[in-house]
Amino acid sequence: MERDRAENVTTRLAQVRERIAQACRDADRDPASVRLIAVSKTFGPEEIAPAIAAGQRLFGENRVQESKAKWPSLRATHPALELHLIGPLQSNKVREALTLFDVIHTLDRPSLALALARELRRADSGPPPRLLVQVNTGEEPQKAGVAPHEVDGFLAECRDTHGLAIEGLMCIPPADEPAAPHFALLAKIARRNGLETLSMGMSGDYEAAIALGATYVRVGSAIFGGR
Ligand SMILES: *Cc1c(COP(=O)(O)O)cnc(C)c1O
């Protein structure tokens with residue numbers, strides 16, 4: 001049973017890698033320009049270990065508490081791992097998040113930019129994380145993210161008011177719409193702001209995201225199975 005589960009992860013991870021390579025060939029892109037984040041939320045060491053054994057180094061989680069329980073021990077034995085926060089971050093969890101994550105994809109509001117800047121000014125805060133701004137490309141009221149027409153202003157505020165270096169943009173398209181127009185919109189906003197990092201594409205649409213310029217794809221169920 002355990003062994004089957006591990007073999008499944010290994011097989012599916014290899015398939016996802018092959019499809020990413022093919023999508024890069026189709027789009028005439030350097031495969032090294034697309035990095036795979038294995039989204040391991042809800043899964044434990046039995047599924048994560050085989051992915052690490054197969055060479056996977058970037059992992060994504062959506063909750064600070066869950067990550068705190070899972071990752072410190074894995075990171076102690078695998079120092080090359082890189083952990084990405086892809087879920088919402090509450091301001092009162094910023095300090096913990098900074099100790100756990102190398103990259104935060106979900107900077108989505110001025111109050112969080114302020115909280116991050118404050119925390120990073122503390123003498124003992126570690127190296128700053130890489131930061132991406134989440135954009136609500138579908139302008140869905142229930143979804144986190146900066147509205148497309150507010151991104152330029154928010155990026156300027158992060159830089160000029162808070163001294164935060166923003167590396168790129170992230171989006172989660174509406175579940176009930178074709179994703180490609182949202183990926184194209186994110187790429188356009190990034191381009192006009194001189195940003196090169198684009199976090200977009202999940203299990204159902206990562207190939208489309210690669211065609212439109214994704215530099216990080218966040219793939220969960222296609223690697224680890226259903227949640
Ligand atoms: C869960 C999650 C993913 C991965 O979703 P899959 O459909 O399982 O690949 C990607 N991005 C975010 C923000 C997520 O929360």
Side-chain angles (χ1 to χ4, degrees), residues 5 8-20 22-23 34-44 46-48 50-51 54 56-71 82-90 93 97 100-109 112 129-140 142-146 151 167-180 182-183 185-187 190 197-227:
R5 259 201 326 220
N8 286 340
V9 169
T10 309
T11 306
R12 283 189 299 243
L13 178 59
Q15 285 164 352
V16 169
R17 284 177 174 156
E18 182 42 49
R19 286 174 60 177
I20 289 173
Q22 184 61 50
V34 179
R35 310 199 62 205
L36 170 62
I37 300 171
V39 177
S40 49
K41 64 189 185 197
T42 77
F43 293 99
E46 318 77 58
E47 287 87 10
I48 293 171
Q56 182 62 30
R57 292 294 173 265
L58 278 55
F59 289 86
E61 290 283 343
N62 67 338
R63 289 171 194 275
V64 173
Q65 289 310 316
E66 183 183 341
S67 307
K68 200 170 133 189
K70 275 156 67 170
W71 285 96
E82 208 177 273
L83 203 55
H84 293 243
L85 178 63
I86 61 170
L89 177 56
Q90 293 168 263
K93 297 261 171 68
L100 286 164
F101 295 99
D102 303 288
V103 188
I104 294 172
H105 291 232
T106 48
L107 173 49
D108 61 355
R109 59 192 190 279
L112 181 57
R130 280 138 56 203
L131 295 172
L132 311 188
V133 166
Q134 181 174 353
V135 181
N136 188 357
T137 56
E139 306 198 51
E140 297 172 279
Q142 82 287 5
K143 197 168 267 175
V146 179
V151 174
E167 204 173 286
L169 305 178
M170 174 269 212
C171 76
I172 308 171
D176 55 357
E177 285 178 31
H182 296 275
F183 298 153
L185 175 59
L186 196 72
T197 300
L198 284 173
S199 167
M200 56 190 199
M202 319 202 310
S203 290
D205 51 27
Y206 63 91
E207 289 147 304
I210 290 169
L212 289 161
T215 61
Y216 285 122
V217 291
R218 312 179 307 263
V219 180
S221 47
I223 297 170
F224 295 108
R227 287 183 294 270

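For ligands, and for the atoms within them, numbers begin at 1 and follow the listed sequence. Only this structure's heavy atoms are used, side chains among them; waters, hydrogens and symmetry mates stay out. Note that the structure is a prediction, hence the values are computed from the model and not measured.
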Please tabulate protein-ligand N/O pairs under 3.5 Å for ligand 1, atom names and distances to 0.1 Å.
from: ligand 1; atom 1: 8 (O); to: Ser221; atom 2: N; distance (Å): 2.8
from: ligand 1; atom 1: 8 (O); to: Ser221; atom 2: OG; distance (Å): 3.0
from: ligand 1; atom 1: 8 (O); to: Arg227; atom 2: NH1; distance (Å): 2.8
from: ligand 1; atom 1: 8 (O); to: Arg227; atom 2: NH2; distance (Å): 3.1
from: ligand 1; atom 1: 9 (O); to: Ser203; atom 2: N; distance (Å): 3.0
from: ligand 1; atom 1: 9 (O); to: Ser203; atom 2: OG; distance (Å): 2.5
from: ligand 1; atom 1: 9 (O); to: Gly220; atom 2: N; distance (Å): 2.8
from: ligand 1; atom 1: 11 (N); to: Arg218; atom 2: NE; distance (Å): 2.9
from: ligand 1; atom 1: 15 (O); to: Lys41; atom 2: NZ; distance (Å): 2.7

Just by distance, do the side chain of Lys143 and the backbone of Thr137 share a donor-acceptor pair under 3.5 Å? no

Hey, is CZ on Arg63 packed in by over 12 heavy atoms from elsewhere, all under 6.0 Å? no

Thr215 side chain vs Leu198 backbone, donor-acceptor pair below 3.5 Å: yes

Within the side chain of Arg218, is there an N or O that forms a donor-acceptor pair under 3.5 Å with the backbone of Val39? no

Does Glu207 come within less than 4.0 Å of Arg19, counting only side-chain N to carboxylate O? yes

Whether the side chain of Ser203 engages the backbone of Ala222 through a donor-acceptor N/O pair (distance < 3.5 Å, no angle test) should be reported. yes

